[in-house]
Structure formats: structure tokens, C-alpha cells
Amino acid sequence: RKEVEQDPGPFNVPEGATVAFNCTYSNSASQSFFWYRQDCRKEPKLLMSVYSSGNEDGRFTAQLNRASQYISLLIRDSKLSDSATYLCVVNIGGNKLVFGAGTILRVKS
Amino acid sequence: GAVVSQHPSWVICKSGTSVKIECRSLDFQATTMFWYRQFPKQSLMLMATSNEGSKATYEQGVEKDKFLINHASLTLSTLTVTSAHPEDSSFYICSARVGGARGQPQHFGDGTRLSIL
């Protein structure tokens with residue numbers, strides 16, 4: 001079983017749609033959680049940290065459920081520029097990050 | 001915001017060549033930096049943790065004699081791929097964490113695409 005699992009997609013959605021990504025992690029001792037965005041052939045860029053209380057940044061909402069070891073990302077009112085690969089990232093301790101394989105999002109006009 | 005810079009962005013060289021990649025934190029000091037490798041359509045895999053002033057910590061399966069890491073200052077870590085071969089062709093990315101608090105995210109350099117012919 002992979003340490004961090006994501007649906008690879010691709011998710012093909014029209015502009016303005018709401019789309020949700022899910023992620024599960026296997027290490028119950030994981031300490032911190034993030035969503036990163038990676039454009040084709042580029043480095044990952046931090047989108048947001050994820051907290052149990054849930055957090056929102058504009059059109060993006062992230063949620064963590066420690067009991068279920070489940071992380072989600074919701075994108076509202078999708079834009080063409082949101083097209084990218086979204087990486088679920090877990091800090092399993094000692095600063096070691098484990099990356100999911102990513103979920104591909106394609107937003108089309 | 002925090003900026004991590006990598007150089008070079010692209011390297012194309014012959015098999016057997018050694019290649020050095022630099023990772024710099026431009027506006028903060030990083031006692032720890034991280035080196036990742038990403039093969040096409042795969043996730044990033046941590047190769048090693050670079051510690052300023054001490055030896056790097058390598059992940060299982062990563063040859064420390066092939067991937068030499070030097071972290072000589074608080075703003076610079078280097079990764080040298082020694083005697084590179086085509087199977088070493090990959091996207092190499094470094095990262096650094098700003099601040100010492102647990103839970104702080106890592107910021108990534110813009111990556112080095114290595115192609116060995």
C-alpha cells in the first residue's frame with residue numbers, strides 16, 4: 001500500500017465547476033499535511049497547508065480528518081489557470097515529506 | 001516570500017560525466033535542505049536530507065557515493081551526480097523549510113532537468 005494515495009484522474013471539468021480531490025495516508029503518526037500544485041515540467045508550489053479545523057483560501061478549501069487519515073481539497077468556480085497536477089503531501093516526521101502521485105485537473109472552456 | 005533557487009535548470013551531457021547541481025536559499029538561512037528526484041509521471045521521491053556542516057542523510061536505496069551532497073553554508077547545498085548514466089536522467093528538485101517550527105511547509109527550487117546521453 002502506498003503511503004499517500006490519490007486518484008490520478010484526470011478530472012476534466014468546465015470552467016466554473018466545483019471539483020473535489022481526495023487523499024488518504026497510511027502513517028497515523030503523520031504530523032502535517034499540505035496540498036501542492038505542480039505545473040507540467042515545473043517544481044511543486046505550495047497551495048495550502050491542511051488543518052483538522054479546515055481552512056479556506058479564496059476558492060480553495062482543504063480539510064483533514066485524522067481519524068480517517070483522509071485529506072481533501074475543494075476548488076470552487078474553477079478557472080482555466082487551475083489546470084495542473086495537485087499533490088497531496090504528508091510530513092511523516094523528521095521533516096520527511098511523502099508525496100502522492102498527484103491528481104491531474106484539466107479545466108476547459 | 002521564501003525563494004529557493006536551483007542551478008542549472010537543464011543539463012545534457014554524455015554518459016560518465018559528473019554533474020553538480022546547486023541549491024540556494026535566497027532570502028533565508030536553511031540549516032536543512034532536501035533533495036528529491038522525480039521520474040516522468042511519478043511522484044517526487046526524497047533522496048537525501050542535507051544538513052549544514054555535517055553529513056547528509058540518505059534514503060534507503062540511494063547510493064551516497066553516487067549522489068554526493070555538500071552543505072557548506074546556511075544558504076547553499078550541492079548535489080553531484082558522479083559518473084552519470086542514462087538511468088540517472090530525471091528531474092532533480094531541492095527544497096528548504098523556512099523556520100524551525102513543526103508543520104512549516106517546504107519551498108522548492110525550480111528544479112534541474114538532467115538528461116544523460
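Worth saying up front: this structure is predicted, and the values here are computed from it rather than measured. Throughout, a chain's letter reflects where its sequence line sits, starting with A, and its residues are numbered from 1.
Of the N and O atoms on the side chains of B:Q38 and A:Q38, at least one donor lies less than 3.5 Å from an acceptor on the other residue.
Interface remark: B:E59 contributes side-chain atoms only to the contact with chain A (heavy atom separation under 4.5 Å). Using a 4.5 Å cut-off between heavy atoms, B:L44 touches chain A through backbone and side chain atoms alike. Looking at A:Y36, only its side chain comes within 4.5 Å of chain B, counting heavy atoms on both sides.
The backbone N or O of B:R113 sits nowhere less than 3.5 Å from a side-chain atom of A:R41 that would complete a donor-acceptor pair.
Around the NE2 atom of B:H85, the shell of radius 6.0 Å holds more than 12 heavy atoms that belong to other residues, nucleotides or ligands. Under a cut-off of 6.0 angstrom, the local environment of NZ in B:K66 is crowded, with over 12 non-hydrogen atoms contributed by other residues, nucleotides or ligands. The neighbour count for B:I12 CD1, taken as heavy atoms of other residues, nucleotides or ligands under 6.0 Å away, does not exceed 12.
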Quick one, A:K45 with B:H107, criterion side chain to side chain contact (heavy atoms under 4.5 Å, CB included). Give me CA distance, side-chain angles, the key distance, then yes/no.
CA-CA 7 Å; A:K45 292 187 186 295; B:H107 295 270; over 6 Å; no

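No continuous path of hydrophobic side-chain contacts links A:L47 to B:V4 [ILVMFWY only; heavy atoms under 4.5 Å]. Both A:V4 and A:M48 are part of a single hydrophobic cluster, where members link through side-chain heavy atoms under 4.5 Å apart. Under the 4.5 Å side-chain heavy-atom criterion for ILVMFWY residues, a single connected hydrophobic cluster contains both A:F21 and A:F33. Under a hydrophobic clustering in which Ile, Leu, Val, Met, Phe, Trp and Tyr are joined whenever their side-chain heavy atoms come within less than 4.5 Å, directly or via other members, B:W35 and B:L26 fall into different clusters.
In plain terms, the two heavy atoms of B:I93 and A:E43 that are nearest each other are CG2-CB, 4.3 Å.
Taken from CZ in B:F108 to NZ in A:K42, the straight-line distance is 16.0 Å, to the nearest 0.5 Å. In this structure, A:L97 CG and B:Q106 CD are separated by 3.5 Å, a value rounded to the nearest 0.5 Å.
Using a 4.5 Å heavy-atom threshold, the side chains of B:P105 and A:N91 count as separate.
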